[in-house]
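The structure appears below as structure tokens.
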Amino acid sequence: MFDLLFHKVTIPHCEHFVDVGVHNGQITYLSSTSKIIPDAMNVIEADGRVLLPGLIEPHIHLDKAYLLGQMDRDATNLKEAIHYTGELKKSFTSEDIRQRSIKVLENCISYGVSSLRCHVEVDPIVGLKGMEVLLELKERYKDVIDLQVVVFPQEGIFLQNHTAELMEESLLMGADIVGGIPYNDIDPIKHIDFVFNLAEKFDKPLDFHVDFSDNPRDLTILEIIKRTLQDNLDGRVSVGHLTSLGSVLHDDARRIASEIARADIHVMTLPATDLYLNGREDKERVRRGLTPVKLLLEEGVNVIFGTNNIQNPFTPFGTGDPLDTALLLAQVAQMGTLKETEKLIDMATIHAARALGIQSYGIAIDNQADLVLFNTNSIRNVLLERPERLGVWKKGKKITNAHRSYIVL
Ligand SMILES: [Zn+2]
């Protein structure tokens, strides 16, 4: 007897309808749909609708989401965005960070996000306030969403006194990943070296904001590749943005992409922010300002996408629905064929799970039953229509209803 049975669902990479049974929070049954429905406490008659594993948000900033109401002017470039947010940060309170983070988290959960990696800023301005709040929320929400907390030195490590100590303290408090941002520091190479050393000291994965410009000479990725290979950290390193690679001459970019694949560095494209802030200096032939997604995929790189910011100086847009970002990426990276659409859904699920090191993930026997049911019978329509999520289940337990009303806490 199963706790839960989905009868007649469409799942990715499967030509026929299947039944999915769940017991004790795990998927314990997976079979072609037949007329005989196995016994279950609760049967969902899906009638061919799409069932996906929980969506994954691999790169987002909760602590600086929803700042538009606090701003007295808008940012129009990266430098201004960093500066204005730094100014606003001076008045952040723990409660303010908590409420804005919760708003994003609960929206994400209702969209079907089951795991989320957030970058949390530590520096002399905000201290450990954001880190304390996000570690508290990680514990509070653990039954409905898995949070990975990155310690993120947005203001640089060597530009500010004590940031290095705050990073180390965050890891002792329970941060999961060491973050870095070499383009916002005095010496990018020294910055990268520090981040690798700290990650190795605490045995943690690494996640860099890297080469966020249109300048083809901004290639700190080369140092990150070198260090990843040298220290045998293949699969443990992620990079976000990497937009300058989009301005590098094609053959050189392809060579670099194949080196990224060799080091198994995961690339997270952040199209909402990248499109908004890059390309602004171009008066004609305006660049899209994205990392070369298709070229990276062709060279075998694990490319995924993230929301990054929600309604703040870096990106005055965003809802937290990963499918919004998927559709935007489909449009700007020209990924509109059926195959490419399926790839985008894989990027939001199984490929993101690999980047984040999530185990027991996906619709297969013995995996955790983190599932989302969509009100459509076609995988392609999941992207094209971003349909209603009829239900979201975490470890086999239903946590939202249709119409995105969040029912558990
Ligand atoms: Zn970011």
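Counting starts at 1 for both ligands and their atoms, following the listed order. Owing to the predicted nature of the structure, the values given are computational and were not obtained by experimental measurement.
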Take the angle between the ring planes of Tyr183 and Phe212 and call it parallel below 30°, perpendicular above 60°, tilted in between.
->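 It falls in the perpendicular class, over 60°.
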
List in chain and number order the residues that pass salt bridge (Lys or Arg N to Asp or Glu O under 4.0 Å) with Lys283, two or more places apart in sequence or in another chain; answer none if no residue qualifies.
->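 Not a single residue meets the salt bridge (Lys or Arg N to Asp or Glu O under 4.0 Å) criterion with Lys283.
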
Side-chain heavy-atom pair Leu275, Leu290 within 4.5 angstrom cut-off |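 They are in side-chain contact.
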
Using a distance-only test with no angle check, is there a side-chain donor-acceptor pair under 3.5 angstrom linking [X] and [Y]?
{"X": "Asn197", "Y": "Arg227", "result": "yes"}
{"X": "Asp214", "Y": "Ser247", "result": "no"}
{"X": "Glu223", "Y": "Thr220", "result": "no"}

Protein-derived N, O or S atoms lying under 2.8 Å from the Zn ion (ligand 1), waters excluded |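 Count of protein N, O, S atoms less than 2.8 Å from the Zn ion (ligand 1): 4.
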
